[in-house]
Number of protein chains: 2
Amino acid sequence: MMKMQEQKIELIKNSLGYILEEELVAEIINNSQLKEIEQDKVIVNVGDELNNIPIVLEGSIKISRENEEGDELLLYYIEGGDTCAMTLQCCVRHTKSEIRATTMEKSLILMIPINMMEVWLHKYKSWREYILQSYHTRMTELMETIDAITFMRLDERLLKYLTDQAKLLGSLEINHTHQQIAEDLHSSRVVISRLLKQLEIKKIITIHRNKIILKSI
Amino acid sequence: MMKMQEQKIELIKNSLGYILEEELVAEIINNSQLKEIEQDKVIVNVGDELNNIPIVLEGSIKISRENEEGDELLLYYIEGGDTCAMTLQCCVRHTKSEIRATTMEKSLILMIPINMMEVWLHKYKSWREYILQSYHTRMTELMETIDAITFMRLDERLLKYLTDQAKLLGSLEINHTHQQIAEDLHSSRVVISRLLKQLEIKKIITIHRNKIILKSI
DNA sequence: ATTCTTTTGCAACACTAGTTACATATTAAT
DNA sequence: ATTAATATGTAACTAGTGTTGCAAAAGAAT
């Protein structure tokens, strides 16, 4: 149990120590709970109310949108050190989540009680900068997503999707079925299979069961 | 000249008086410059560096994105009392604008020196809430834009575009050519003409030169 | 009044993406 | 080993959107 606490302190310092004030880091250590979450777990769903600000320390999270008919679309990813801007407002205003957050691998997430948000915004310049930076980064990423949907063809988006995943998870192997890829891109399985086949013919990937392997990034 | 100053105070109090602390409103009055801007003027362009935080007091602004090839896409609108979240970060970090802001009608815009941003974030709770709320509203709107592009067909998006414009400008007459509409929706003139014709046949609109008239909202 | 410019209409065609239906291959379960 | 479940391959067809090229209409400029 003591080891867990030491590991937590180590992790927080590594992830946030360089961007947040020392005093704030100490407060975070005392006011947070570290959670380890398995791969492919939905940690926030559309409509959920949040009691904690989540900060990803290790691993990666994908943020997606879902409409009434259950159609999905991948919006962006969150990596180590980042928080989810969309959930921040849920904390401040007690509104419901408009997005879904799913772990892409086993991840370590820091949970901070929502009342600290306003206190720290007043007290720490680095926290203000962190929160504002976070919002801005997510907005920029949302706009990149819009760019992709608007200006790119599906085959280009597919290749971007594969390389993004590879970079994020640090592996040229993407362990998804065609169906899962189709859901993230809001397309259909047959279309994705067809386009993957084209990428294979162009020698950009090789197709395996439950797995796509990129030749390079 | 005195009258201009009185009008400015009146405007600021009307637009911001109910959401911001009295003391902050006074600071805004003393630290801002009111600008009147004509219709269809580009007030911020992609790549611009900002020296002021703009707050729209009267009128309306459209925010759009442009890719390398010059293709456009309308992202969202800004109305009275709102600020542009995307330009906020330009202020804090001195980065370049990633969006274009264009007036949709004659508008009154308050310009606040960027250094006030950090000072007020520390000093005023209402300013923190205003800025965070602003970010969140824009993110929500970006996601609605994503929803529209991803889940709606072009004819639905076109009708939404027309009713959004009508609501925003408070008139059933939309003074745009088919070409202009096509640019906002990132489509082509011929396609928009075709879809407008369908809406006219369905008795939802009437088509005129340089003008579409909605039968109702 | 005539010419020029802008805007809109229209038809034919092309392309991308989505759908349906079925076959085949691979793995898991019994 | 046999069966069941899951994943992928393929073909034919459809729908939606974009492109090209030209004509007609409306308005502005001379």
Side-chain angles (χ1 to χ4, degrees), chain A residues 39-40 66-67 69-74 145-162 165 173-214, chain B residues 40 67 69-74 145-162 165 173-214:
Chain A
Q39 185 177 355
D40 292 324
E66 194 179 61
N67 73 354
E69 282 109 59
D71 297 323
E72 264 193 75
L73 179 74
L74 172 63
T145 304
I146 290 180
D147 282 353
I149 304 170
T150 311
F151 303 129
M152 287 165 77
R153 280 209 318 271
L154 190 52
D155 54 351
E156 298 174 282
R157 283 177 58 209
L158 174 58
L159 184 54
K160 174 172 160 37
Y161 170 88
L162 296 173
Q165 294 258 337
E173 297 192 7
I174 291 110
N175 293 294
H176 286 141
T177 65
H178 301 182
Q179 182 63 46
Q180 290 171 320
I181 297 174
E183 282 161 15
D184 279 345
L185 295 176
H186 187 247
S187 177
S188 79
R189 198 276 304 168
V190 182
V191 173
I192 295 300
S193 292
R194 186 156 62 205
L195 295 177
L196 283 172
K197 184 55 70 184
Q198 293 307 310
L199 288 176
E200 191 173 48
I201 290 170
K202 287 182 197 158
K203 306 210 183 296
I204 297 170
I205 61 169
T206 53
I207 300 174
H208 310 263
R209 192 182 172 87
N210 296 319
K211 191 196 298 186
I212 311 292
I213 301 183
L214 271 164
Chain B
D40 292 324
N67 73 354
E69 282 110 57
D71 298 322
E72 262 193 77
L73 179 74
L74 173 62
T145 302
I146 290 179
D147 283 354
I149 303 170
T150 311
F151 302 128
M152 289 165 77
R153 280 208 318 270
L154 190 52
D155 53 351
E156 299 175 281
R157 283 178 60 208
L158 174 58
L159 184 54
K160 175 172 159 36
Y161 171 86
L162 295 173
Q165 294 259 336
E173 296 191 7
I174 291 110
N175 293 293
H176 286 143
T177 64
H178 302 181
Q179 181 63 47
Q180 289 172 320
I181 298 174
E183 282 163 14
D184 279 346
L185 295 176
H186 188 249
S187 177
S188 79
R189 199 274 307 168
V190 182
V191 172
I192 295 300
S193 293
R194 188 155 61 205
L195 295 176
L196 284 171
K197 183 55 71 185
Q198 294 306 311
L199 289 176
E200 191 172 47
I201 290 168
K202 288 181 195 159
K203 304 208 183 300
I204 296 170
I205 61 169
T206 53
I207 301 174
H208 309 264
R209 193 180 170 89
N210 296 318
K211 191 197 296 187
I212 311 290
I213 302 183
L214 272 164

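Nothing here was measured: the structure is a model prediction, and the numbers come from that model. Labels below follow one simple rule: chain letters A, B, ... track the order of the sequence lines, proteins then strands, and each chain is numbered from 1.
Side chain of H178(A), nearest nucleotide from dG18(C), dG9(D), dT7(C): dG9(D).
The CD atom of Q165(A) sits 11.0 Å away from the NZ atom of K160(A) when rounded to the nearest 0.5 Å. Note: L185(A) CG to L73(A) CG = 8.0 Å, rounded to the nearest 0.5 Å. Within the model, atoms CD1 of I207(A) and NZ of K197(A) stand 4.5 Å from one another, a figure rounded to the nearest 0.5 Å. Taken to the nearest 0.5 Å, the CG atom of D184(B) stands 8.0 Å off from the CD1 atom of I181(B). Note that the CD1 atom of I205(B) and the CD1 atom of I174(B) stand 8.0 Å from one another [nearest 0.5 Å].
Taking atom CD1 on I149(B) and atom P on dG16(D), their separation rounds to 19 Å, with Å as the unit. Per the geometry, NZ belonging to K211(A) stands 10 Å off P belonging to dT27(C), to the nearest Å. Rounded to whole angstrom, the span from the CD1 atom of I213(A) across to the P atom of dT8(D) amounts to 13 Å. dA7(D) atom C1' lies 12 Å from atom CD1 of I207(A), rounded to whole Å. For Q180(A) and dT6(D), the CD to P distance is 13 Å, given to the nearest whole Å. The CG-P distance, from L158(A) to dA17(C), rounds to 10 Å in whole Å. Between E200(B) atom CD and dT8(C) atom P the separation is 12 Å, expressed in whole Å. For the pair M152(A) CE and dT16(C) P, the computed distance is 15 Å after rounding to whole Å.
Between R209(B) and the phosphate of dT7(C), there is no side-chain N or O to OP1/OP2 separation shorter than 4.0 Å.
Within 4.0 Å of H176(B), counting heavy atoms only, lies no atom of the nucleic acid at all.
Near-neighbour residues of DNA chain D inside residues 184-199 of chain B, defined by a heavy atom below 4.0 Å, number-ordered: H186(B), S187(B), S188(B), V190(B), V191(B), R194(B).
Using a 30° and 60° split on the angle between ring planes, H186(B) and F151(A) fall in the perpendicular class, above 60°.
No donor-acceptor pair under 3.5 Å is formed between the side chain of E183(B) and the backbone N or O of Q180(B).
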